[in-house]
Amino acid sequence: MANSTSVRTVVVPAAGMGTRFLPATKTVPKELLPVVDTPGIEMIAEEAAGAGATRLAIVTSPNKDEVMRHFDEFPELVEILRARGKDELATKVERAAQIIQPVAVVQDKPLGLGHAVGLAESVLDDSEEFFAVMLPDDVIEPTAAMSEMIRVRQEHGGSVLLAVEVDPAHVSNYGVFDIETTEEDAVKKVVGMVEKPAAEDAPSNLVATGRYLLDRSIFDALRRIEPGKGGELQLTDAIDLLISEGHPVHVVVHDGIRHDLGNPAGFIPASVEFGLRHPKYGPALFRDIEEILEKYRPQLG
Ligand code: UTP
């Protein structure tokens, strides 16, 4: 129902090829690369559970079984760790299986984010009129953004996306929103969306980041769009189709941390930030980074 107060299913598209992380992703799915010690897929599961969801529909490709395996229980490993007195580690190992109910959705070929989201229709209950999509590549904090997006849907109906402001020179890497203001500063009405425009053609510097609260009508829109760039079905195109048909779409402008784990240029700063804040590693890492900075200052500073 449009006025439901929580989201039940979070869809996590994780069937991409991760080419920007080759050669690591020949054998290790990028969703399992650790930020300090925890993979992105587990961080997203925590965020989904925190938003009140009970089901995590993980879209994986046939050769990425390890992503689902991360949510298994590992009783032998836990037993060994406990026997050795490593209770803290045992608790960490057990955590993933306790967060949320994971459900696998297999995408046989990487036919795009839109195609991946469309496949998740089969796992939704008939009564679910909306659901969330969270991209494990995008780390955001505070993670309460989804609760805010649910509130905006209650008020305006339709679909709600998360936006971040970027330097206008960098918009061409993103899906960019054409917006109108609303009574709330941090909420904008979306009148159109353009995928990766040239900087001079961009309607704003507000870009999509990987959190979507989507009305169920997105599935119908996904069936009606044509493949775009690279033969892929773009989620952006389906959202843009809904907007053109009068479906309300709003964005919440994110005010906080955002890292893109999908490529080394974003993954490294995320590791530094999470490492610095880690009680065990932070203090030493801070000193190491200071030393490294001094070494490279003549070249890069
Ligand atoms: P990306 O394009 O950022 O991921 O897709 P990718 O394709 O893995 O990355 P590169 O360009 O090859 O390095 C955004 C999200 O959509 C998922 C990805 O797993 C990622 O979470 N995705 C993308 C799918 O699930 N299926 C697809 O066909 C494409």
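Numbering of ligands and ligand atoms starts at 1, following listing order.
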Side chain proximity check, [X] to [Y], heavy atoms < 4.5 angstrom:
X      : Y      : answer
Arg82  : Asp87  : yes
Glu294 : Arg297 : yes
Leu214 : Ile239 : yes
Ser217 : Leu242 : yes

Regarding [atom]: of the candidates [options], which has the closest heavy atom?
atom                    : options                      : answer
atom 23 (C) of ligand 1 : Gly40, Pro110, Pro29, Gly16  : Gly16
atom 1 (P) of ligand 1  : Lys109, Gln234, Lys64, Arg20 : Arg20
atom 4 (O) of ligand 1  : Glu232, Lys30, Met17, Glu31  : Lys30

| Any protein heavy atom lying closer than 4.0 Å to atom 16 (O) of ligand 1? |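 There is a protein heavy atom less than 4.0 Å from atom 16 (O) of ligand 1.
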| said: Test of understanding: clusters of I, L, V, M, F, W, Y form through side-chain heavy atoms closer than 4.5 Å, transitively. Do Val160 and Phe177 belong to the same one? | reply: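 No; Phe177 is not reachable from Val160 via cluster members.
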Enumerated ligand 1 atoms positioned under 4.0 Å from heavy atoms of [X]:
X      : result
Thr19  : 10 (P), 11 (O), 12 (O), 13 (O)
Gly112 : 26 (N), 27 (C), 28 (O), 29 (C)
Leu111 : 28 (O)

Which part of [X] is near ligand 1, with near meaning a heavy atom under 4.0 Å away: side chain, backbone, both or neither?
X      : answer
Ala116 : side chain
Asp137 : side chain
Pro136 : side chain
Leu113 : both

| message | Can you tell whether the side chains of Lys280 and Glu88 come within less than 4.0 Å, N to carboxylate O? | response |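 A salt bridge is absent here (no side-chain N lies under 4.0 Å from a carboxylate O).
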| request: May I ask you to check whether over 12 heavy atoms, not counting those of Glu73, lie within 6.0 Å of atom CD? | output: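 No, the 6.0 Å shell around CD holds no more than 12 heavy atoms from other groups.
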| Ser127-Asp125 side chain donor-acceptor pair, cut-off 3.5 Å |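 Result is no, nothing qualifies.
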| message | Would the distance check show the side chain of Ser122 and the main-chain N or O of Leu119 forming a donor-acceptor pair, the cut-off being under 3.5 Å? | response |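 Pair found, side chain donor or acceptor close to backbone of Leu119.
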| query | Does an N or O anywhere in Gly18 fall below 3.5 Å from an N or O of ligand 1? | reply |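 So ligand 1 has an N or O lying under 3.5 Å from an N or O of Gly18.
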| message | Looking only at distances, can you tell me whether any N or O atom of Leu135, backbone or side chain, sits closer than 3.5 Å to an N or O atom of ligand 1? | response |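 No, there is no polar N/O contact under 3.5 Å.
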| query | Just checking, Arg69 and Phe71: is the charged tip under 6.0 Å from the six-membered ring centre and within 45° of the axis? | reply |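 Relative to the ring axis of Phe71, which defines the angle, Arg69 lies outside at least one limit.
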| query | With a 4.0 Å cut-off on heavy atoms, is Gln107 touching ligand 1? | reply |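 Yes; Gln107 lies near enough to ligand 1 that a heavy-atom distance drops under 4.0 Å.
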| query | What's the shortest distance from atom 21 (O) of ligand 1 to any protein heavy atom, and which residue and atom give it? | reply |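 Result for atom 21 (O) of ligand 1: Pro13 O, 2.8 Å.
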| query | Who's the nearest protein heavy-atom neighbour of atom 25 (O) of ligand 1, and how far? | reply |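 Atom 25 (O) of ligand 1 sits closest to the protein heavy atom Ala15 N, 2.9 Å.
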